[in-house]
Student: 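There's a structure below that I have some questions on.
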Amino acid sequence: MESSPAVGSFQKAATLAIACLAVLLLTVDLTVLHLAVPALVTDLGPSGTQILWIADIYGFVVAGLLITMGSIGDRIGRKRLLLLGTGAFAVASVLSAYAPSAELLIVARTLLGVAGAAIMPSTLSIIRNVFTDPKQRTAAIGVWSGVSASGFVVGPIVGGLLLDSFWWGSVFLINLPILLAIAVAGFLILPESRDPSPGRLDPLSVVLSVGGVIAVVYAVKEAAKDGVAQVGVGVAALVGVVALTVFVKRQTRLSHPLIDVRLFRRIAFSGAISTNMFAMFAMVAQSLIFAQYFQSVLGWSPLKAGLAGLPGAAGATLGGVLAAPLITAIGRARVVFLGMGLAAVGISCYTMAGLTLNYPVFVLAMVPAGLGFGMAFTVTGDTVLATVPKERAGSGAAISETSMEVGGALGIAVLGSVLNAAYARGLDLPPGVPADAVPAVEESISTAVLTSASLPPDVADQVLESARQSFIDAFHATALVAAGVIACVAVFALVALRNVPKVIAETSDGDPADPTDPTGSDDSDGSGGSGGPAAKDGAGVAGVAGVAGVSNGSGGAATEAEPDAADGSDGSPAMTAPGK
């Protein structure tokens, strides 16, 4: 069994800071390139297909490699994998910045995806192993979740500032000082952790997982662009489903699987993963709509549009911080239900948006939406990691993040289709629009704005008026659909997570059983009941008391307000005691 490294309070705080900086860099990199596309098109002259690959290949590779990289981190060490990923990300950033052609930029972006996939699960699995106290772990994951969410707003802001003064390659070079700080601090501060008995890495499982996930994500994204009737979409979807089906069956037969599919027997694990995926599905409504609304309808600059989203990011960060004390007060299921309820209300209030905007009122919608998502993702992320044995923390983190990648792709496909269909259906184009310009106007509000520049002024004004009004109506419809999905997720989480204890103690390796208390409920705080013996080496104990690193005393007694823990020698996770 893997034992937790002895970590003091300063090292814990520094570890969390390094993990947050790394995940912020990755989320910023997902969004910062979009603003640079017009400039790199001018310099490199890529084809339309190459532009799509430049934008998408990073996300495809990250999604496909997360499971493999998480498992590799468990084997070779999570700190080592994080540092290797950091070095590779630096090299790929330089190659991307100075790529002389579209083909080489695609290759460099692929390498960025490989490096990003190495870094992302490492950050969460390191947190999981350093913060052994359940309440500290939840708080740390809350901070991590809030910082991760803020990256989607920081990206456009950073991109806008850089592109105002520098060439498009600067959006990649800005990574270098951050990566240097992560590498140096990580080498000096981060403790190493790994699975002591990982077994052999199965190459066929790697191929099946990478190919399956990439094929599914590709099919979903292409369906959003070209429709489900395209032959390529069907073929990719079929390949992905078959590969993942074979992958899952193979894992059940391996003595050392890439992922332990038995984890999905845990109601806490499978419920949290499902909630994560469908919450991300709905959350993309904001990023999907905001850039087009602020820039194409209101005419704001990319930088101003990015700054406009800051209240939502602040809400998500605050939600992550508030999640830990709320779990103690009302339980995990109710926190997710409350968070998703706030998000549903906030997103439904986006229907206040019109051709003109009262921004302070709009903030009143953004903040609760961000707050709710921050609360929900913190609880589900912590629940996933807490129910996974520490030996497999990398795999658990990778599964959680893969579910979010797939959920985001599905959200873009489905909600994007709703937005585009409602927009096209609502257009009322005036006479005089050339036949060859109609498809571009009907495609999106962005292409309508670009196309109108080549039309006669009186026709252009009418086209823009119709396109903007149609987009507003589509915006409202999409927001209501997203809010409806979120409401369903809230109810699902309330049921699926209802028996998950407030405090989930340390879990040992073995046959993973569900950590929910069959006789208890989400109201269990683990403060009462008689406990079992402490685990050997302290791995089963609920953790170190307090961020200050106060010892829980001798003899393996449980910390105050936390459960005693079984040693998990039978393969079951340590259980919180039923509430008083």
Side-chain angles (χ1 to χ4, degrees), residues 63 66-67 70-71 121 124-125 128 137-138 141 145 209 212-213 216 241 244-245 247-252 257-282 327 331-337 339-340 376-411 485-486 488-502 504-505 507-518 520-522 524 568 571-576:
L66 279 172
I67 291 175
S71 184
L124 266 183
S125 56
R128 169 71 171 86
R137 182 196 61 232
T138 303
I141 291 174
S145 298
S209 68
V213 172
V216 168
V241 170
L244 292 177
T245 300
F247 170 77
V248 170
K249 289 184 176 180
R250 183 170 180 81
Q251 303 315 292
T252 63
L258 198 62
I259 63 170
D260 190 347
V261 295
R262 296 173 301 173
L263 291 169
F264 289 93
R265 296 176 187 171
R266 302 180 177 190
I267 298 172
F269 184 87
S270 56
I273 288 291
S274 300
T275 302
N276 247 1
M277 185 170 71
F278 287 105
M280 179 60 73
F281 172 97
I327 289 173
R332 292 174 182 266
R334 294 189 185 99
V335 174
V336 179
F337 180 78
M340 290 290 90
F377 284 128
T378 297
V379 176
T380 55
D382 178 65
T383 302
V384 168
L385 288 179
T387 53
V388 174
K390 288 196 302 179
E391 296 86 348
R392 302 174 189 168
S395 296
I399 294 170
S400 177
E401 288 157 357
T402 301
S403 73
M404 295 178 73
E405 291 284 342
V406 173
L410 283 170
V485 171
I486 295 170
C488 293
V489 173
V491 175
F492 169 81
L494 188 63
V495 175
L497 303 178
R498 67 188 183 281
N499 289 327
V500 181
K502 294 176 181 178
I504 304 174
T507 303
S508 65
D509 206 352
D511 185 16
D514 196 343
T516 56
D517 183 354
S521 71
D522 191 36
S524 300
S572 300
M575 288 291 302
T576 57

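Since we're looking at a predicted model, the values are computed, not measured.
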Student: Would you say that I267 contacts N499 through its side chain, given a criterion of any heavy-atom pair below 4.5 Å between the two side chains?
Tutor: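 I267 vs N499: side chains apart.
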Student: Assess whether side-chain contact (heavy atoms from CB on, under 4.5 Å) is satisfied between F377 and M280, documenting all intermediate values.
Tutor: CA-CA 9 Å; F377 284 128; M280 179 60 73; 4.2 Å; yes
Student: Rounded to the nearest 0.5 Å, what separates atom CZ in F278 from atom OG in S274?
Tutor: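 Those atoms lie 6.5 Å apart.
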Student: Kindly say whether I67 contributes a backbone atom to a donor-acceptor pair with the side chain of S71 at under 3.5 angstrom?
Tutor: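 No; zero donor-acceptor contacts below 3.5 Å.
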Student: Give the minimum heavy-atom separation between A493 and A333, together with the two atoms involved.
Tutor: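 Closest pair (atom of A493, atom of A333, distance): O-CB, 3.9 Å.
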Student: For L497 and V336, which heavy atoms make the closest approach, and how far apart are they?
Tutor: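 Closest approach of L497 to V336, heavy atoms only: CD1-CG2, 4.0 Å.
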Student: Can you name the closest pair of heavy atoms from A282 and V485 and give their distance?
Tutor: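 The pair with the smallest heavy-atom distance is CB-CG1, 4.3 Å.
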Student: Donor-acceptor pair, distance only, cut-off 3.5 Å: does the side chain of R137 make one with the backbone of R128?
Tutor: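 A pair under 3.5 Å: no.
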Student: Tell me every residue that passes side-chain contact (heavy atoms from CB on, under 4.5 Å) with V241, counting only those two or more places apart in sequence or in another chain.
Tutor: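 side-chain contact (heavy atoms from CB on, under 4.5 Å) check on V241 returns T245.
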Student: Any side-chain to backbone donor/acceptor pair from S400 onto A397? Under 3.5 Å, distance only.
Tutor: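 A pair under 3.5 Å: no.
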Student: Could you go step by step and tell me if T383 and F269 meet the side-chain contact (heavy atoms from CB on, under 4.5 Å) rule?
Tutor: CA-CA 7 Å; T383 302; F269 184 87; over 6 Å; no
Student: Does V495 offer a backbone N or O that forms a donor-acceptor pair with the side chain of R498 under 3.5 Å?
Tutor: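 The answer is yes, because a donor-acceptor pair under 3.5 Å joins these two groups.
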Student: The criterion is side-chain contact (heavy atoms from CB on, under 4.5 Å); which residues satisfy it with S209, sequence neighbours excluded?
Tutor: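 With neighbours one apart ignored, the set is T68, F247, L258.
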Student: Which atoms form the tightest heavy-atom contact between V384 and A272, and what is the distance?
Tutor: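 Taking V384 first and A272 second, the nearest heavy atoms are CG2-CB, 3.6 Å.
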Student: Check I327 against V335 and note the closest heavy-atom contact, atom names and distance.
Tutor: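 Between these two residues, the closest heavy atoms are N-CG2, 3.6 Å.
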Student: Taking all atoms of both residues into account, what is the closest heavy-atom pair of M340 and A279, and its distance?
Tutor: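 Residues M340 and A279, closest heavy atoms: SD-CB, 4.0 Å.
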Student: Hey, could you give me the OG1/CE distance between T380 and M404, rounded to the nearest 0.5 Å?
Tutor: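 It comes to 7.0 Å.
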Student: Under 3.5 Å, is there a donor-acceptor pair between the side chain of T252 and the main chain of K249?
Tutor: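 Side chain of T252 to backbone of K249, a donor-acceptor pair under 3.5 Å: yes, one is there.
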